[in-house]
2 protein chains.
Amino acid sequence: MSHMKYGCLMAVDPDHVLRAAAALLTHKATATMDEVAKAAGISRATLHRHFAGRDALVRALESLGIAECEAALDAARLDEGTASEAVRRLVGAIEPAAGLLGFLYTENQLFEGEEQNAGWTLIDERISALFRRGQLSGEFRIDLTPAWLTEALYGLLASGAWMVQSGKGAPKDFQHMIVELLLGGALRREES
Amino acid sequence: MSHMKYGCLMAVDPDHVLRAAAALLTHKATATMDEVAKAAGISRATLHRHFAGRDALVRALESLGIAECEAALDAARLDEGTASEAVRRLVGAIEPAAGLLGFLYTENQLFEGEEQNAGWTLIDERISALFRRGQLSGEFRIDLTPAWLTEALYGLLASGAWMVQSGKGAPKDFQHMIVELLLGGALRREES
DNA sequence: TTCATATGAGACATGAATGTCTCATCCTGG
DNA sequence: CCAGGATGAGACATTCATGTCTCATATGAA
């Protein structure tokens, strides 16, 4: 053995491997299993022992992304306060997962033909319900469908994550940029 | 020879091949050269005679995307009328290329490390200039940077193209959805 | 200490996509 | 009619990622 870090050969933490894989694939979607293994600090053989193959790894990442989304939805308490406040909380809570979501978003386009994980449908419905609540309360305009607002939120999250990742924007501006544009738009408000 | 369509063996039109490749790769980013050739109605050998390899094909598609973007920018006459009107014209003009742009957008993330085509920088600057003009005229709010508004426009275009392509939205709503959200946001306007 | 387990390193086979090549065929112009 | 050019079909080698395997080693528990 050439070099041994930490001197530990304990059982690998699958969650740690997933986090490392997510961090890598977030900014290099075509990374090989070899690169993923190196990024996680384990060998390719061990990576294969925990995840049968690249498909299994992506599926596990998808489950992780869904779980983080649902956690963010729970943490944002979408039913409390005004819809605007709920959207703001949601964007803030989902920010750490935005990069992973962007990766899964493009990866899902490769599954065209297969059925997508039902978890995404539930998430879509929860977010759509939030926008619908805002419309019913008179807070949001009604000429933009909840489905479109949901999809637009995804797109803005991806753009925001990309901007932060490429260094063109500061992480601290992430929430503000997205929420302000999504809710208020680019036009200047006369009143308020 | 098994079957001969049209009975024509004339020189292939490279532009037609590019269009076909764009149409295919737009909704199947991992299509092989074989599939691209079939989609274009030519053989893989001929495809290779016109484009040295997959890289060359993608580069050619990038040039096509840049050209279509610039054509849309020209057609939208960004200097005329209010900035809002210019944005509306721009979104309408760029709609046919939105799918291709989405493909190139994700494909560019694979070039990380290499320098990106300078054409994109010019396009970014023209769009940013439009938003800046709107800010200087007092039409747009100034707390959202032109760079972010430009990036957000890309994200919304991608989301809109994806929504239309997946059948979740009607093509006729494309321009309205994007422009209204980008400019007005989700909040209901009190006045106007 | 001794044994079971987990890991790292590397070899090996497999499959897919790619790139190159040849050859037969078909059109078009002379 | 004939020559040249362009194409389609297919064979072939190459490369790369993947998946599987073996073996040596280090760790932790009995």
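For the residue pair A:Ser128/A:Thr150, the side-chain donor-acceptor check at 3.5 Å is satisfied. In this structure, a donor-acceptor pair under 3.5 Å is present between the side chains of A:Ser84 and A:Glu139.
The salt bridge (Lys or Arg N to Asp or Glu O under 4.0 Å) search around B:Asp74 returns B:Arg126, not counting sequence neighbours. Scored by the side-chain hydrogen bond (donor to acceptor under 3.5 Å, both in side chains) test, B:Arg54 finds no partners at all (sequence neighbours excluded).
Counting only distance, with no hydrogens or angles, the side chain of B:Glu180 and the backbone of A:Leu144 share no donor-acceptor pair below 3.5 Å. Using modelled atom types, one side-chain atom of A:Arg133 and one backbone atom of A:Leu78 make a donor-acceptor pair closer than 3.5 Å.
Distance, B:Phe51 CZ to D:dT7 C1': 16 Å, rounded to whole Å.
Distances shown here put every side-chain N or O of B:Ser43 at or beyond 4.0 Å from the OP1 or OP2 atom of D:dT7. A:Thr46 has a side-chain polar atom (N or O) that falls below the 4.0 Å cut-off from OP1 or OP2 of C:dG8. Residue B:His50 places at least one side-chain N or O closer than 4.0 Å to OP1 or OP2 of D:dT7.
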Pairs under 3.5 Å (N/O, protein and nucleotides 18-23 of chain C):
unit_1 : atom_1 : unit_2  : atom_2 : d
C:dT18 : OP1    : B:Arg54 : NH1    : 3.2
C:dT18 : OP2    : B:Met33 : N      : 2.9
C:dG19 : OP2    : B:Arg54 : N      : 3.3
C:dG19 : N7     : B:Arg44 : NH1    : 3.1
C:dG19 : O6     : B:Arg44 : NH2    : 3.1

